[in-house]
Structures are given as structure tokens and as C-alpha cells.
J.: 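After the C-alpha cells below, expect a handful of questions from me.
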Amino acid sequence: MWKTIAQAMSLEIPDDQLAAIEPALDALWKGARQAFDRDLTGVDPAIGFRADVGGEP
Amino acid sequence: MTIQQVAPDIRAGKVSPVELTKQALDRIRRHQPAVNAYITVMEESALAQAAQAEREIRTGHYRGPLHGIPYAAKDLFYTKGVATTAGSKILRDFKPDYDAAAIERLREAGAVLMGKVGLHEFAYGITSNNPHFGPVRNPWDTTRIPGGSSGGSTAALGADQCLFSLGSDTGGSVRIPASYCGVVGLKPTFGRISRYGVWPLGHTFDTVGHFAHSVADAAAVLAALAGPDPHDDSSATEPAPRVELPPDAKLNRYRIGLASGYFFQRIEPDVEKAVRAAVEQLRGLGAEIIDVNIPDMEELTVLHRLILLSEATALHRRRLKTRRADIGPDVRALLDQGQFITAADYLDAQRRRRQFVHTLNKLFDQVDVIVTPAAPNTAPKIGDATVEIGGQKEDARLAATRFVRALNLAGVPVLTVPCGLDSKGLPIGLQIFGRAFDEASVLLVGHAYEQVSGWNHRRPDIRAV
């Protein structure tokens with residue numbers, strides 16, 4: 001599955017290196033699924049944007 | 001030797017900052033082959049800074065407890081005209097044209113910068129087994145890792161090559177090496193210390209922290225570093241905390257949460273024994289110990305990984321494309337994993353993060369601080385990709401970060417203090433955390449414990465491999 005996704009996203013990862021990270025990706029997704037199944041309606045992401053700060057230098 | 005012990009003598013002119021600096025340089029020369037803590041030793045400028053401190057003190061211009069004190073900085077703090085590698089081959093020759101805010105504040109406090117110390121490549125890992133600058137080694141056993149990513153900072157301090165050191169913590173990079181090297185580590189509240197001029201990794205987690213040989217020393221360094229900085233958007237507007245640490249501190253009014261369940265389910269027996277003994281000492285100091293449950297720790301640990309994978313890959317994506325062969329295999333593998341995370345995954349993880357902050361804040365209605373083991377194990381051997389804990393083999397990096405990562409989601413202040421040695425003679429760490437911006441409680445509890453336990457005074461007998 002990861003190889004198909006990598007190809008679709010045009011990621012330049014050699015086959016052996018992709019194979020090496022597949023178990024980690026499987027485990028990550030298995031662990032994250034519980035969080036993504038939760039109802040997070042009304043919860044804002046914990047990342048900051050402040051209109052009074054920033055802008056390109 | 002601690003800062004608190006030597007500072008009065010420096011002030012009184014009984015101890016010379018130049019002599020102190022020369023002693024530290026001598027320790028660097030003697031132990032660099034064994035521990036490989038330093039990437040760059042700044043001998044000339046250190047001696048010049050020490051001489052200036054000595055002149056100022058002699059003429060009545062004492063700046064405070066860090067005046068004339070030698071320290072080391074993780075090699076991701078920008079230093080004007082001095083190589084700042086972030087542990088990377090790609091940045092080997094990078095010389096910033098300005099100093100990090102933390103370096104500037106320590107200069108104002110009169111501290112003496114001895115040099116730049118090693119770290120895991122790009123601060124992205126816990127071993128400090130660096131493919132470009134060689135492995136940093138644990139002074140307690142030089143066949144073992146010091147932890148990371150701030151491994152050079154704790155190895156240098158553990159080897160008495162400085163009296164305090166700077167590090168950074170994105171997912172445990174202060175607390176893991178503090179625990180593995182038997183020193184005090186403080187990861188303050190996110191935003192407490194400016195990260196202007198600090199090479200980033202995960203922009204919603206990166207926190208400047210530091211290491212010392214006592215909690216009182218860590219408090220003195222915090223006082224010099226903390227405070228708002230208009231150059232850093234993440235910098236909090238809170239003023240530096242007022243911390244009072246009396247020598248006979250008692251904890252009679254303190255409610256200390258002992259996080260049970262997850263934190264004791266898969267842990268080395270020596271670590272559990274030491275942590276439970278520390279809790280009894282806290283009880284003996286008058287604290288009320290209350291069992292607390294921090295729910296969903298495994299899920300939150302995964303979410304921290306997911307967010308960090310995404311943020312680190314966003315930061316390094318161009319280098320991954322253009323300099324792939326110049327990035328070490330373990331860091332490259334993490335950066336590759338980050339490419340698979342979608343924006344929706346990232347944002348949902350950040351939304352779940354906010355729920356966790358709410359949950360943790362409610363826990364702090366019941367208790368003042370919470371204690372846990374800092375790590376489930378003591379320092380593994382250099383090169384060991386897996387460790388066995390409780391009869392179960394697991395990835396060494398995931399094991400080391402199990403008890404620390406989720407706290408970066410909440411950005412709360414966390415202190416690690418030494419609380420024992422295992423049967424192999426390796427240090428064990430106790431993790432103490434509190435409400436955001438309540439460093440004062442965390443430091444007071446750690447300080448009171450230190451007064452009765454004394455584990456922070458143990459030093460390694462350094463032997464080369």
C-alpha cells in the first residue's frame with residue numbers, strides 16, 4: 001500500500017528504504033486510528049495563528 | 001561542584017573564573033577521547049570571557065550567580081562566527097552571523113561559553129550516536145548512549161567539563177539524557193525561553209531547556225534565560241518565574257500525583273524500585289501522595305509522533321530531496337515517514353492535542369505536580385536498536401520516549417532529577433511536571449527531594465572504552 005501511495009505522491013524513496021519504514025508506518029496508522037475515530041467537532045487544532053504577529057520578512 | 005557552591009566564592013574573589021575555566025578545559029582534554037561530548041571547544045574565547053568576568057568582579061561589578069561560570073551549549077544554538085552544525089554533515093561549515101537569544105542572555109549574565117556539544121543529527125533522535133561526528137558516550141559507562149538528542153550537553157556536564165549546559169526538548173531531548181546521565185534537566189513551559197537562533201525540529205514543540213548538577217542551579221539558569229522575546233513568535237509574555245528554594249524545604253502543603261497504570265506497566269524493576277522509593281521520600285517530606293491516571297497515554301504518544309514527523313519533514317523536505325545521501329539513515333527514515341502524513345491527519349492530531357491539554361489541566365485541580373519515571377530503563381548500549389523491558393523487546397527510541405513525549409503535547413514544565421542507580425551502576429531519573437508556567441512548584445518539589453536523597457551528588461568514574 002505504501003509503495004502505491006509513494007508513487008501517487010511522486011515521493012523519491014528507494015524501494016529498500018521504503019520497505020524498511022513500512023512497519024513503522026503501519027504501526028503509526030494503527031495507533032493513530034483511535035484518535036481519528038473520535039468526534040472532534042468543535043475542537044480547534046492546537047496550532048497558533050495570530051493576526052497581530054508575523055508576515056513575510 | 002555546583003553553581004550554588006562556587007558562586008559565593010567567585011563573588012568574594014576566593015575562586016578565579018579563569019582558573020575554573022582552565023579546570024574545565026583540562027577536563028575536556030582529559031575526557032574528550034572517552035565521552036566525545038564536544039564538537040567545538042572555544043578555548044580562546046572562553047578564557048577571554050573568564051578574564052573579563054574576573055576583572056568585572058574584582059572591580060565590584062558582580063552580575064549574579066552565573067558570573068564566571070563555565071557552560072556548554074548544544075550545537076544547535078546559533079553562535080556568531082562559530083560553527084553551528086545541528087549535528088549534521090550538511091551544516092558542518094555553517095557559521096551564523098548572530099547569537100541565539102539564550103546565548104546572548106547568558107553572556108549578559110556573565111557565564112563563560114566553553115564550546116558547542118554534540119547531539120543526535122538535527123536533534124531528531126535519542127541516541128546521540130551521530131554518524132558525522134561520532135557517538136557521544138555516557139560518562140557512567142562509555143559503551144552506552146548518553147540519551148538524546150541533547151546527549152553532548154549531559155555527557156559534558158556528567159564529565160564535569162562545565163557547570164551547566166543548554167539543550168532543547170521536542171519529544172524528550174532534555175529529560176531522556178538527564179535521566180540516562182544522572183543530572184538535573186529542566187524542560188520549562190513551551191514559550192518560557194526564547195528559541196530565537198535555535199535550529200528547529202518541531203515548531204509546535206521545540207523548547208529550550210538546560211541541565212545542571214542541582215535543582216537550585218537549574219533555577220538560577222532559568223532565571224537568566226526566561227522572559228519574553230519579540231524575536232520569537234512562540235515566546236510567552238509571562239515574566240520570569242520567582243522561585244524560592246530554601247535549604248530545609250518541606251512539602252506539607254503539596255499534593256503530589258503519582259501517575260500509575262501506563263507508567264509502571266512495562267518498566268525495568270530497578271527503575272520502579274527507585275521511583276517508588278523517591279515517592280516515599282516525598283511523602284516523608286510532608287507531601288500528600290495521590291494516585292492519578294493520565295488517560296490515553298499510548299494514543300497521545302502516537303499523536304506526538306505523528307505531529308513531529310510532519311513538522312520535521314516540512315522543515316527538512318528540501319534537504320531530503322537535494323542532500324538525501326548526506327543525512328544519516330535513521331533520521332532519513334523518519335523524514336521519509338513524515339512525507340506520508342496528510343494535512344487532515346496533522347490537524348486532527350492537533351485537535352486531539354487540545355483535548356489532552358484540557359484533560360491535564362483538570363488533573364491539576366486535584367494535585368500540584370505529578371511524578372513518573374523519566375524513562376522505563378537505564379541507558380542502552382551504543383548501537384542497540386532494540387531493548388528488552390519486562391521480557392518484551394521494543395525499539396530503543398520508542399521505549400526511551402514512552403513517558404516523555406505526551407507531555408510535549410501539553411507544553412507543561414517538566415523536571416528530571418536523579419533518583420538512584422540500577423544494579424549496573426547506571427543512573428535512573430524521576431520526572432516531575434506541573435501546570436503550564438508553574439516551574440516554581442516543580443522546582444520546589446525537586447529541590448526538596450534532592451535535599452534528602454542526595455543522588456545528584458553522585459559522579460561517574462569515567463573510563464575510556
J.: Can you say whether A/W2 sits under 4.5 Å from chain B via the side chain, the backbone, both, or neither, judging by heavy atoms?
T.: both

J.: State, to 0.1 Å, how close A/P45 and B/R354 come at their nearest heavy-atom pair, and which atoms those are.
T.: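 Smallest heavy-atom distance, with atoms named: O-NH2, 3.0 Å.
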
J.: When rounded to the nearest 0.5 angstrom, what is the spacing between CG in A/L25 and CD in B/Q337?
T.: 5.0 Å

J.: Please check this pair: side chain of B/R351 against backbone of A/L40, looking for a donor-acceptor N/O pair closer than 3.5 Å.
T.: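 Side chain of B/R351 to backbone of A/L40, a donor-acceptor pair under 3.5 Å: yes, one is there.
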
J.: Please classify the contact of B/L303 with chain A as side chain, backbone, both or neither, using a heavy-atom distance under 4.5 Å.
T.: side chain

J.: For the CD atom of A/E22 and the CG atom of B/D336, what is their distance to the nearest 0.5 Å?
T.: 11.5 Å

J.: Hey, what do you get for CZ (B/F340) to CD1 (A/I13), rounding to the nearest 0.5 Å?
T.: 4.0 Å

J.: To the closest 0.5 Å, what do you measure between CZ (A/R33) and CG (B/D345)?
T.: 11.0 Å

J.: Between B/R332, B/R324, B/K321, B/R317, which is the residue that forms a salt bridge (Lys or Arg N to Asp or Glu O under 4.0 Å) with A/E12?
T.: B/K321

J.: Side chain, backbone, both or neither: which part of A/A6 has an atom under 4.5 Å from a heavy atom of chain B?
T.: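 Both backbone and side chain.
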
J.: Does any part of the side chain of B/D296, heavy atoms only, come nearer than 4.5 Å to the side chain of A/R38, both counted from C-beta?
T.: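 Answer yes - side chains close enough.
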
J.: Quick one: CD on B/Q339 to CD1 on A/I21, what's the gap to the nearest 0.5 Å?
T.: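 If I round to the nearest 0.5 Å, the distance is 8.0 Å.
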
J.: Is chain A contacted by the side chain of B/I341, its backbone, both, or neither, given a heavy-atom distance below 4.5 Å?
T.: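 For B/I341, the contact with chain A is made by backbone and side chain together.
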
J.: Can you check whether A/A35's main-chain N or O pairs, donor with acceptor, with B/R352's side chain at less than 3.5 Å?
T.: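 Not at all, since once roles are kept as given, no pair shorter than 3.5 Å links the two residues.
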
J.: Examine whether an atom of B/D395 lies under 4.5 Å from a heavy atom of chain A, and if so say whether it belongs to the side chain, the backbone or both; otherwise answer neither.
T.: neither

J.: Just give me the residue among B/E298, B/E299, B/R353 that pairs up with chain A most often, heavy atom to heavy atom, under 4.5 Å.
T.: B/E299

